[in-house]
Structures are given as structure tokens and as C-alpha cells.
Q: 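Structure provided below as C-alpha cells; questions to follow.
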Number of protein chains: 2
Amino acid sequence: MIPKKALHTRVPVTIGAMESSSPTTGGSTRREATRQKLYEAAVTLIAEQGFSATTVDEIAERAGVAKGTVYYNFASKSVLFEELLRHGVGLLTASLRQAAEQTARDGGGKVDALDAMIRAGLVFIERYPAFTQLYVAELWRTNRAWQSTLMVVRQQAVAVVEDVLRDGVAAGEFSEEIDVPLTASALVGMVLVAALDWQSFQPERSLDDVHAALSRLLQGRVSGRDRD
Amino acid sequence: MIPKKALHTRVPVTIGAMESSSPTTGGSTRREATRQKLYEAAVTLIAEQGFSATTVDEIAERAGVAKGTVYYNFASKSVLFEELLRHGVGLLTASLRQAAEQTARDGGGKVDALDAMIRAGLVFIERYPAFTQLYVAELWRTNRAWQSTLMVVRQQAVAVVEDVLRDGVAAGEFSEEIDVPLTASALVGMVLVAALDWQSFQPERSLDDVHAALSRLLQGRVSGRDRD
DNA sequence: GTTTTTGCACTGACCAGTCAGTTCAATTGC
DNA sequence: GCAATTGAACTGACTGGTCAGTGCAAAAAC
């Protein structure tokens, strides 16, 4: 018999970045390139239509690859999807964490860290809108095959925000009365929804513009006048 | 071969119950009850699995009704879904608007109105978590049959928040610099995501609790100490 | 010469939608 | 009262189609 499927390497790949300069992909196998193309095709299609409504044939066609190749590279349609999820959220958390660390290094306070993370979130969503869409669509579903993957991955992302909040409380920068997990959720939601609306309905606006509006909201400069 | 067993689940939760003897159309109470059962079944299943992954057979079975009945009552699976959407968002906007009007009547300011709307949003999500889930999952998708319905319905809901923000700016209660549509999105997102996380991951917490946390965030009492 | 991809035919399950027939409940005629 | 009648509501087996996943020989890439 042929030992087909199940030779799955966990390889770091970039989601939407089809283009040049893959930094770490030095040993970029042909296989990896194919997987990359499949990720890209799948992420868009699933974001638009949902997982179930997207067929493997479509994914293969969009990726410019034969259907058999999909199954040579992934055990199943949902495994492909799960790896997509894992990888995408990995990128996001890395980016959030880096933003937080950078402000710390620059001597900024925790409010600055949150602000930097908002920006990092916006940058991510601007770069990978389809992934974000798809992630939001799946996040609160229950009874799905990849539920546990999703939970793990969600917690990783939210934890970054929670950590900053907790540090801020410890440092006396935030009120001790704040509810850390809930506030973290709310902040994530604020950015997520605002950004998705931005991408969907006002894509012509600049990131700085959107960031400024959210910053203002974060710092409670909505009620009360601005000093100007 | 084997006939499906009928099930006798009686779910009292109504997404749009105005069942008390509405003598309106044609009088057919029986039909109305059937439609209601179908809504209830569909909303849960679609929230859990997504539209495409939910079969009409499942919906019928959960509603305790034959498949043909679904098609007797609705032109198609997606029409059923669209009507569900329209109705659910209708309930939400009505509730938001009422909250805003009530505070106005009570002589509250626009901040109070926003706060009341946050609460109304939470109450809605607590009562109809499945609907909320499903709504969020579909909202930013593109290329779906019910896209236009969704857009209309989204705008209705967000507009209520936008109106309050605009009034607040006009009344000098909010900074003139706020970006009304974006801030409205962000606020909606804050409540939506916080509430869904609450329902999914900490359902034991009280609504008041969650409301308090979001209130604090809204009023910028996160950074800086609380008085008291 | 090994790994990866291709092309394509095939299967078995599943599913949206249909339709001829059945039940229900209200009304009519007696 | 109580059949007979009627139309609305409901039923479920059936159809035509779709799709995930398979199998495999041959070609291409490395």
C-alpha cells in the first residue's frame, strides 16, 4: 500500500503573503509552496461562503492545483481549515505581543501598550481581512470539529491583552476594579468589529484615522470635551 | 427504512413570540405556531453549525414537524433564514430604541442613554444568545444570498447608536471630534463580543456584573483610579 | 530514484426541494 | 346533534443533484 496522508509537518507559513521574501522559508520546499497556495485559496473562499459551503474542488481550482494534491497535503478538508486557524491566530498573537513589548522597551505605560496593541490589531486585520472574518464567524459556534483548536487559540490571543491589563492594575495604572477578562474581551471586540466594519464599509479610510477614533474611545475622551 | 422517532422537546424560548391571540392575518393560529417552532429550531441549529451545515431535515425534526411543512411555510431554506434575521434584528433595534427613549424621558443625558443601550443589548443577548451568535457569524460575509437583507438590518441597528452619538455631539455632551459611525461600530462590537464571551465562557456571571464592567469602560474609568 | 503533482473516473453519502396523498378543524346542510 | 364537505395544513417517500474523499497510473520536479 501507499503511505499516503499523514505526513503532516507543522510548518510556519504566512497566510496572505504570497509574494516574495519569505524570510524563514529558506528551505521552502515545493510542498510548502503548494500548502501556502492552498491556505490562501481556502481562507478567502471560506471567509466569503463559510466552511461548509466551500468545496474542496473550489479550493483546488482557486489555488491552481489538482484536487488530489489537496489530499496529498492535508488529511481532510477540516484539517486544512484547522491548520489555517492555528497559523493565523499564531501570527496575530505574535504581533500583539510584540507591540506590547515594544512599548515597554520604549518606556511607555500600559495605556500606551494597549494603544499599540490596538494598532497592531488593525494592521493585522488590514492585512488579513479574510482570515479575521472567518475567525469571527467561527469563534462562538459550538459542536464543531475544530472547537477545541479554536478555544486554545482564542485564549492565546486574549491572554496577551489580559496580561497587559493585569500588569497595569498591578502598577497602579488601571483601576483595581476593572474586570480583567471581561475588559479584555470588550477591547478585542471593539477593535474587531470596528475594523471589520471599516474594511467592509469604508475601506478608503486610513488606518491612522481608524486608530485615532479607537484611541479616543479607549482613553475615555468621548464623553466630555476635548481640550483643543 | 426506520421511521424517525418523533421528539417532544418543548422549548419555551421564543425569538419572536407575540402569540397571545393575534387576530391578524387570516386567523390561522396553527400556522403561526408552526412557523414559530421552525424559527426556534432553526436559530439554534444554525447558530451552532452554520447555515450550510444545517439541513432542512434537522430543522424539521427539531421542530417536531415534517420536512414538507417547512416548505409549506417558507419558500426555501434561505427564505426561512432571512425572515429569522429580519425578525431578530427588529426585536433588537426596538429594544435599543426604547432604552434610549426611556432615558430621555427620565431626563438622563446621552451617556446615560448609551449606558441604557448597553444594558438593553446585554439583555437581548442573554435572552437570544443563539440569534446573536448567528448574526455575528454572518454579518461580514460576502457573496451570500441574504447579503442585502443583512446590510439593511445591520444599518437599522447601528443607526440607533449613531443617532444617540450625534445628538450627544450636538448637545455638547460628546466631543465634536468623535467619528460617529466608527465609534458606533466600536461600541456595538464591545458589547457584542463581551456578551458573547460572557455567555460562552462565564455564563454564571450576572448581567449587572457584566454591565458594570462595560459601563466602566465606556466612561473611561479604566485608566486612572476610581473615586470611592 | 524519490517525492510531489496531475488528471480523472468513481463511489457512497447526503441533501434541497417536490408532490401525491392524508389529517385537521371549521362550516354547512339536515 | 351529527354527518358531509371543504380548504388549509401537514406528511414523508422520492428525485435529481452535489460533494468529500478514493484510487491509481503517468508525468513532472527535484
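Please read all numbers here as calculations on a predicted model, not as lab measurements. Values below: all heavy atoms of this structure, side chains included; hydrogens, waters and symmetry mates excluded.
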Q: Taking only side-chain N and O atoms of A:Thr69, does any of them lie within less than 4.0 angstrom of OP1 or OP2 on C:dT4?
A: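 No, outside the criterion.
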Q: Could you tell me whether B:Val70 contacts a base, only the sugar-phosphate backbone, or nothing, with contacts defined as non-hydrogen atoms closer than 4.0 Å?
A: nothing
Q: Do B:Lys77 and C:dG17 share a donor-acceptor pair, side chain to base, under 3.5 Å?
A: no
Q: Where does the angle between the aromatic ring planes of A:Trp146 and A:Phe81 fall among parallel (under 30°), tilted (30 to 60°) and perpendicular (over 60°)?
A: perpendicular
Q: Among C:dT4, D:dT11, C:dT18, find the nucleotide with the atom closest to the side chain of B:Val65.
A: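 So the nucleotide nearest the side chain must be D:dT11.
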Q: B:Asn73 has an atom CG; how far is it from atom P of C:dG17, in whole Å?
A: 15 Å
Q: Kindly point out which of D:dA29, D:dA9, C:dT18 is positioned nearest to the side chain of A:Arg30?
A: D:dA29
Q: Can you identify which nucleotide, out of C:dT4, D:dT22, D:dT11, has its nearest atom closest to the A:Arg31 side chain?
A: C:dT4
Q: Quick check for you: among C:dA16, D:dA20, D:dG12, whose closest atom lies nearest to any side-chain atom of A:Thr55?
A: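 It is D:dA20.
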Q: B:Lys37 has an atom NZ; how far is it from atom P of D:dA9, in whole Å?
A: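 Rounded to whole Å, this separation is 14 Å.
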Q: Between D:dT11 atom C1' and B:Asp57 atom CG, what is the distance in whole Å?
A: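 Result: 13 Å.
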Q: Can you check the B:Leu38 CG to D:dA9 P distance for me, whole Å?
A: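 B:Leu38 atom CG is separated from D:dA9 atom P by 13 Å.
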Q: In terms of side-chain heavy atoms of A:Ala66, which of C:dG7, C:dA16, D:dT11 is nearest?
A: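 Of C:dG7, C:dA16, D:dT11, C:dG7 is nearest to the side chain of A:Ala66.
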Q: Which whole-number value in Å describes the distance from B:Tyr72 OH to C:dC24 C1'?
A: 12 Å
Q: Is the shortest side-chain N/O distance from B:Tyr71 to OP1 or OP2 of C:dG17 below 4.0 Å?
A: yes
Q: Would you call the rings of B:Phe124 and B:Phe131 parallel, tilted or perpendicular, taking 30° and 60° as the class edges?
A: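 Aromatic pair B:Phe124/B:Phe131 classed perpendicular.
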Q: State, without any angle test, whether A:Gln102 and A:Arg105 hold a side-chain donor-acceptor pair at a distance under 3.5 Å.
A: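 Checked: A:Gln102/A:Arg105 side chains pair up, N/O donor to acceptor below 3.5 Å.
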Q: I need the CD-C1' distance between A:Glu32 and C:dT3, as an integer number of Å.
A: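 About 15 Å, once rounded to whole Å.
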Q: Specify the separation, in whole Å, of atom CD1 of B:Ile46 and atom C1' of C:dA16.
A: 14 Å
Q: Reckon B:Thr34 has a side-chain N or O less than 4.0 Å from the OP1 or OP2 of D:dC10?
A: yes
Q: Looking for any heavy atom pair under 4.0 Å, which part of the strands does B:Thr54 touch: base, sugar-phosphate only, or nothing?
A: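 Here B:Thr54 touches the backbone only, sparing every base.
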Q: Can you check the B:Gln49 CD to C:dC15 P distance for me, whole Å?
A: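 Those two atoms, CD and P, are 10 Å apart.
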Q: Is A:Gln155 atom CD crowded by more than 12 heavy atoms from other residues, nucleotides or ligands, each under 6.0 Å away?
A: yes
